[in-house]
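Notes follow once the structure below has been shown.
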Amino acid sequence: GIFTYYPELDPVVEWSYIVTFKGNTRGHHYHKEFDEYIMFVEGQGVYFELLEDGSEYSHPISSGECIFLPKNIPHTFIPMSDCKMIAMITKKWNDCKEPITSI
């Protein structure tokens with residue numbers, strides 16, 4: 001299959017290959033300076049977004065899907081299996097004063 005996604009806002013300027021093992025998570029965090037797209041290459045898990053009212057939105061994710069993570073939106077990912085992903089961001093990580101902010 002061919003899966004095509006189009007950036008919604010700023011162009012992608014950097015991408016990273018990420019391997020996340022089942023049971024590992026960063027916890028809720030957000031990015032002040034860039035939007036992020038994550039394309040899932042292998043594995044499955046659940047993406048969580050922290051909403052303004054304190055509740056969480058959850059979305060199951062599996063291979064072939066791509067999610068959009070806007071600036072300043074707290075999020076985390078819980079892998080249900082070992083996962084391989086491509087993360088694409090709209091500002092270079094090393095050009096950011098604070099690329100990741102933990103909650």
Side-chain angles (χ1 to χ4, degrees):
I2 297 173
F3 303 90
T4 303
Y5 302 94
Y6 297 97
E8 294 183 23
L9 302 172
D10 295 327
V12 170
V13 297
E14 181 177 309
W15 63 272
S16 301
Y17 179 67
I18 299 173
V19 176
T20 302
F21 297 109
K22 180 180 178 179
N24 288 345
T25 183
R26 281 189 178 161
H28 277 296
H29 65 277
Y30 62 97
H31 312 286
K32 296 176 182 178
E33 301 179 56
F34 58 83
D35 297 316
E36 181 177 26
Y37 299 85
I38 299 179
M39 181 176 291
F40 289 79
V41 177
E42 185 177 306
Q44 60 185 5
V46 181
Y47 159 74
F48 292 92
E49 185 176 299
L50 190 59
L51 303 176
E52 288 183 14
D53 67 3
S55 65
E56 286 186 319
Y57 162 78
S58 64
H59 179 74
I61 300 290
S62 60
S63 300
E65 293 186 70
C66 185
I67 58 173
F68 173 63
L69 309 171
K71 293 175 194 158
N72 298 310
I73 300 296
H75 59 275
T76 194
F77 174 70
I78 308 294
M80 303 317 227
S81 64
D82 292 349
C83 295
K84 296 177 181 175
M85 302 162 274
I86 305 295
M88 298 161 278
I89 58 178
T90 59
K91 182 176 181 180
K92 292 181 181 179
W93 186 273
N94 288 342
D95 290 346
C96 297
K97 288 183 181 181
E98 186 179 341
I100 190 168
T101 304
S102 297
I103 297 180

- Ignoring hydrogens and angles, tell me if any N or O in the side chain of Glu49 forms a donor-acceptor pair with the backbone of Ile73 under 3.5 Å. no

- Message: Test your reading of the model: is there a side-chain donor-acceptor pair from Glu33 to the backbone of Glu98, 3.5 Å cut-off?
- Response: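 Answer holds: yes.
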
Atom pair [atom1]/[atom2] of [X] and [Y] - distance to nearest 0.5 Å:
{"X": "His31", "Y": "Thr101", "atom1": "NE2", "atom2": "OG1", "answer": "8.5 Å"}
{"X": "Asp82", "Y": "Glu42", "atom1": "CG", "atom2": "CD", "answer": "8.0 Å"}
{"X": "Ile18", "Y": "Lys84", "atom1": "CD1", "atom2": "NZ", "answer": "13.5 Å"}
{"X": "Met39", "Y": "Ile86", "atom1": "CE", "atom2": "CD1", "answer": "8.0 Å"}
{"X": "Ser58", "Y": "Ile78", "atom1": "OG", "atom2": "CD1", "answer": "11.0 Å"}
{"X": "Phe21", "Y": "Ser81", "atom1": "CZ", "atom2": "OG", "answer": "11.5 Å"}

Is it possible for you to say whether [X] and [Y] belong to one hydrophobic cluster, with membership spreading through side-chain heavy-atom contacts below 4.5 Å?
{"X": "Trp15", "Y": "Val41", "result": "yes"}
{"X": "Val46", "Y": "Leu50", "result": "no"}
{"X": "Leu51", "Y": "Ile103", "result": "no"}

Nearest non-hydrogen partners of [X] and [Y], listed with the distance:
{"X": "Lys71", "Y": "Asp10", "answer": "NZ-OD2, 4.1 Å"}
{"X": "Val13", "Y": "Thr90", "answer": "CG2-C, 3.5 Å"}
{"X": "Asp35", "Y": "Pro70", "answer": "OD1-CA, 3.4 Å"}
{"X": "Pro74", "Y": "Asn72", "answer": "CD-O, 3.5 Å"}
{"X": "Cys83", "Y": "Pro79", "answer": "SG-CB, 3.9 Å"}

- Flag side-chain contact, heavy atom, 4.5 Å: Phe77 against Met85: yes

- Any Ile61 side-chain heavy atom under 4.5 Å of Gln44 side chain: no

- Quickly, which of Phe34, Phe68, Tyr37 forms a side-chain contact (heavy atoms from CB on, under 4.5 Å) with Met88? Name it, please.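 Running side-chain contact (heavy atoms from CB on, under 4.5 Å) over Phe34, Phe68, Tyr37 with Met88 returns exactly one hit, Tyr37.
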
- Please lay out, stage by stage, how Trp93 and Ile100 fare under the test side chain to side chain contact (heavy atoms under 4.5 Å, CB included). CA-CA 9 Å; Trp93 186 273; Ile100 190 168; 4.0 Å; yes

- Query: Can you check whether His75 and His29 have ring centres sitting under 6.0 Å from each other?
  - Reply: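 Aromatic pair counts; centres sit under 6.0 Å.
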
- Determine, using ring centers only, whether Tyr47 and Phe40 are less than 6.0 Å apart.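 They do not qualify: ring centres at least 6.0 Å apart.
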
